[in-house]
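Here is the structure we will look at, set down as structure tokens.
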Amino acid sequence: MTGSPPHRAFAAPPRPLILAFVAVLIATLALAVNQAAPARAEGTLLSQGKTATASSTENGGTPASAAVDGNTGTRWSSAAADPQWLQVDLGATDTVTSVVLTWEAAYAKAYRIQTSTDGTTWTDVYTTTTGQGGSETLAVNGTGRYVRILGTQRATQYGYSLWEFQVYGTAGTGTGTGTGACSTTNAALNRTATASSTENGGTPASAAVDGNTGTRWSSAAADPQWLQVDLGSSQNVCGVQLSWENAYAKAYQVQVSADGATWNTVYSTADGRGATELITLSGTGRYVRVLGTQRATQYGYSLWEFQVFTGGGGGNPGGNPGGGKTLLSYGKPGTASTSQDSGNCPGCAPAKAFDEDPATRWATSDTNGWVDPGWISVDLGATAHVTQVVLQWDPAYAKAYQIQVSPDGSNWTSIYSTTTGKGFKETLDVDGTGRYVRMYGTQRATPYGYSLWTFDVYGTGGNPTAPPALPPNPANPPRLVWSDEFNGAANTKPDPAKWTQDPGNGQNGELELYTNGDNTNLDGNGNLVIEARKEANGQYTSGRINTHGHLDFTYGHVEARIKVSGTQGLWPAFWMLGSNFKSGTPWPNCGEIDIMEHVGKVADSVYSTLHAPAYNGGGGYGSPYTLAGSDFASDFHTYAVDWDSTHMTFAVDGHSFFTVDRSTLEQTRGPWVYDHPFYIILNNAVGGDWPGNPDATTVLPQKMIVDYVRVSQ
């Protein structure tokens with residue numbers, strides 16, 4: 001059908017690094033949890049008898065105050081819904097060192113511990129998606145007057161219930177919110193890394209700090225082993241993230257050093273969980289290492305990525321402009337040596353580098369512009385003091401180039417020069433004065449020309465126009481703003497006030513015809529059924545619906561509970577497409593967020609993937625979630641994404657398995673194109689380039705069953 005959206009990834013994405021560093025790193029966090037009897041908590045009990053409040057109470061006999069009264073025979077319990085919270089007012093800003101949760105049987109599978117100075121703005125100091133109930137003693141490191149537990153996923157059908165919520169620490173010593181100035185930029189990216197050993201030549205130490213989602217360091221199969229990175233100068237280290245391959249550490253330490261010889265331990269655990277571990281800590285040093293002392297498997301240690309976060313950003317390229325800088329280049333007129341206007345890059349004029357649309361770009365001409373030199377310049381409208389330039393390159397980038405300024409657009413002065421340009425996103429601190437600024441490329445890195453998604457100039461003066469503001473991030477905690485529980489009568493259609501049928505042919509080699517509702521019905525038991533079948537005439541039919549015009553939104557928690565179809569050639573999906581697709585922006589420029597895709601030939605995996613102009617189709621940026629030996633089609637599972645201006649985190653059944661950090665994405669793959677409205681799509685495809693076509697083993701009809709779809713902001 002004309003105007004139908006393109007259908008998702010072409011092939012299973014590579015096994016990537018889980019980049020799980022998001023805004024929570026600004027908080028202080030330590031992942032020391034005792035799931036058995038509570039350990040002796042460190043510090044003074046601060047919470048007992050203090051004022052407690054909660055998001056809800058189950059009844060008058062289970063008030064918030066019962067969780068801080070010191071009586072293990074009384075409890076707080078909440079309404080049976082997510083999210084819920086309990087908070088205590090300590091009466092003054094205190095340093096918090098540990099929290100003890102004594103759960104009733106109705107416990108939290110996923111929750112956060114948070115602190116606040118005012119009871120309004122909250123900072124995470126602990127987060128988990130694998131809560132075990134019972135007694136949990138959590139070592140944390142934060143400050144605040146208020147401390148709360150925010151439950152985001154219940155472990156039972158009941159609410160949340162705590163016999164006791166105990167906060168320990170030191171009274172009256174807090175000096176702030178605990179957020180500090182911890183950067184979200186990976187200070188270890190592309191720095192020099194060394195290791196005690198490597199498994200083979202294909203798994204060097206450098207592979208753990210290269211930002212490449214398909215490379216890793218692995219060690220010899222012996223204890224102990226270590227991996228260290230040289231940050232280049234002494235830094236205030238405030239956090240690390242370990243993205244483990246299956247061969248992870250059960251016991252390990254994180255250490256810092258001034259000289260690479262004498263080490264100071266700033267974090268230690270004997271209960272490593274593997275997967276992705278985000279650790280907030282405090283230390284100072286030029287060198288940072290992870291020292292594994294006990295392997296969790298018979299193999300060595302293996303890290304997809306070792307990320308380090310510092311108090312001041314470590315001077316790393318790729319940070320956001322700050323220090324009072326103003327964006328001077330937005331909407332200003334640009335000129336260039338040449339520009340491209342062809343099927344591969346239509347209308348790629350100089351202005352596209354200054355429009356703050358990350359999905360449009362300038363490129364030199366494909367007929368006479370794939371030569372050296374090549375340049376693009378911007379007229380700031382008046383003389384300016386230029387202090388920073390940010391270049392977001394297309395793959396056609398400059399290996400050697402200069403940043404130049406000019407008072408008149410004719411006479412140029414160089415204020416930055418390199419012969420080792422790296423492409424992707426480069427943030428350059430410069431110092432120059434002029435009305436005109438240009439990038440003057442002298443050596444291309446590829447056989448093609450030069451191309452920039454964005455060319456941002458920051459400083460003071462000029463004649464700036466304020467760019468459009470980003471949409472607001474979701475509230476903390478988010479609140480439900482839209483849902484469909486599919487509670488209609490059997491054989492009725494999904495609510496037309498919430499969903500539009502999307503008939504027509506599929507894309508990417510799909511075989512089905514999407515009907516105008518014939519294959520999309522409610523079952524009368526609270527579910528939507530999208531049925532794929534083979535008709536008597538041999539035609540495959542199925543259903544596809546979307547929320548465009550009913551729900552188009554930016555950012556939030558998006559969740560659905562689905563039982564996927566599961567036979568050879570089936571391709572069910574729960575995904576989102578940029579709403580500007582409907583107004584003429586082509587795919588993949590509009591952006592695509594695949595929350596869940598499943599292909600019948602791989603029963604034990606589902607996939608989450610992003611698609612944008614610089615990474616799409618088989619090159620989309622994503623990750624599989626695999627439960628080895630299982631069959632996702634055998635039962636319902638909950639698929640979700642948490643999305644804001646800095647990251648997306650994808651989860652299955654409350655287990656977060658893939659996080660896309662905006663800064664890292666821009667520095668390793670290409671522009672982030674997800675700061676505008678999207679709409680939701682549900683469909684059950686037949687055939688296609690990725691799943692392959694039905695064959696003799698295929699069983700039809702096949703049902704994709706959706707229990708609910710919910711959006712919170």
Side-chain angles (χ1 to χ4, degrees), residues 1 4-5 7-8 81-82 157 480-504 506 510 512-535 540-553 556-567 570-577 593-600 606 608 631-641 651-653 678-686 699-712:
M1 177 178 114
S4 293
H7 201 348
R8 312 170 316 274
D82 293 315
Q157 74 266 38
L480 187 68
V481 296
W482 185 96
S483 68
D484 197 339
E485 308 296 320
F486 303 115
N487 287 327
N491 298 316
T492 59
K493 304 302 174 188
D495 186 349
K498 295 181 177 180
W499 300 95
T500 296
Q501 297 287 343
D502 194 359
E510 296 169 34
E512 79 291 316
L513 174 69
Y514 290 118
T515 63
N516 193 18
D518 293 344
N519 299 62
T520 311
N521 296 283
L522 305 187
D523 67 0
N525 295 315
N527 300 306
L528 166 70
V529 178
I530 304 178
E531 186 172 75
R533 54 183 181 249
K534 189 173 185 179
E535 307 295 345
Y540 295 103
T541 62
S542 191
R544 178 176 61 192
I545 59 175
N546 70 66
T547 66
H548 178 63
H550 312 292
L551 175 70
D552 297 86
F553 65 101
H557 176 84
V558 188
E559 177 179 305
R561 185 171 181 265
I562 300 171
K563 183 178 181 183
V564 299
S565 55
T567 192
L570 269 287
W571 190 0
F574 166 42
W575 54 301
M576 298 193 291
L577 198 64
I593 304 169
D594 297 330
I595 303 171
M596 181 280 297
E597 296 181 281
H598 178 70
V599 291
V606 290
S608 297
D631 184 354
F632 275 91
S634 67
D635 203 352
F636 283 92
H637 295 274
T638 301
Y639 305 98
V641 64
V652 176
D653 296 330
F678 279 67
Y679 61 91
I680 298 171
I681 304 168
L682 294 166
N683 69 300
N684 192 14
V686 181
V699 178
L700 290 173
Q702 282 281 328
K703 296 178 179 180
M704 173 184 177
I705 306 174
V706 186
D707 179 17
Y708 63 78
V709 180
R710 298 171 185 164
V711 177
S712 299

What's the shortest heavy-atom distance between [X] and [Y], and which atoms?
X      : Y      : result
Tyr708 : Arg710 : CD1-NE, 3.4 Å
Gly566 : Ala633 : CA-CB, 3.7 Å
Pro701 : Arg533 : CB-CB, 3.8 Å
Phe636 : Lys563 : CD2-N, 3.4 Å
Ala573 : Met704 : O-CE, 3.4 Å
Pro496 : His550 : O-CE1, 3.2 Å

Using a 3.5 Å distance criterion without hydrogens, assess whether the side chain of [X] forms a donor-acceptor pair with backbone atoms of [Y].
X      : Y      : answer
Lys534 : Leu700 : no
Arg544 : Asp502 : yes
Asp653 : Thr638 : yes
Asn519 : Glu531 : yes
His598 : Val606 : no
Ser712 : His557 : no

Hey, is NZ on Lys498 packed in by over 12 heavy atoms from elsewhere, all under 6.0 Å?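 Correct, the count exceeds 12.
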Taking side chain to side chain contact (heavy atoms under 4.5 Å, CB included) as the criterion, tell me which of Ile530, Val529, Thr520, Asn521 meets it with Pro494.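 Answer to the side chain to side chain contact (heavy atoms under 4.5 Å, CB included) test with Pro494 among Ile530, Val529, Thr520, Asn521: Thr520.
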Considering only heavy atoms from C-beta outward, does the side chain of [X] approach that of [Y] to under 4.5 Å?
X      : Y      : answer
Ile545 : Gln501 : yes
Leu551 : Val711 : yes
Val706 : Phe574 : no
Trp499 : Val709 : yes

Report the residues that fulfil ring pair (Phe, Tyr, Trp, His ring centres under 6.0 Å) with Tyr540, sequence neighbours left out, ordered by chain and then residue number. none
Gap between atom [atom2] of [Y] and atom [atom1] of [X] - 0.5 Å precision:
X      : Y      : atom1 : atom2 : result
Leu577 : Phe678 : CG    : CZ    : 7.0 Å
Ile681 : Thr500 : CD1   : OG1   : 11.0 Å
Leu682 : Trp575 : CG    : CH2   : 10.5 Å
Ile680 : Thr547 : CD1   : OG1   : 5.0 Å
Met596 : Glu559 : CE    : CD    : 13.0 Å
Asn487 : Leu528 : CG    : CG    : 11.5 Å

Go through it in stages, so that I can follow the logic: the residues are Asn683 and Ser542, the test is side-chain contact (heavy atoms from CB on, under 4.5 Å), and I'd like the CA-CA distance, side-chain angles, deciding distance and then a yes or no. CA-CA 8 Å; Asn683 69 300; Ser542 191; over 6 Å; no
Taking it one step at a time, do Phe486 and Asn527 satisfy side-chain contact (heavy atoms from CB on, under 4.5 Å)? CA-CA 5 Å; Phe486 303 115; Asn527 300 306; 5.6 Å; no
Could you give me the CA-CA distance, side-chain angles and deciding distance for Val481 and Phe553, then say whether side-chain contact (heavy atoms from CB on, under 4.5 Å) is met? CA-CA 10 Å; Val481 296; Phe553 65 101; over 6 Å; no
Candidate pair Val686 and Leu570, rule side-chain contact (heavy atoms from CB on, under 4.5 Å), full reasoning: CA-CA 5 Å; Val686 181; Leu570 269 287; 4.3 Å; yes
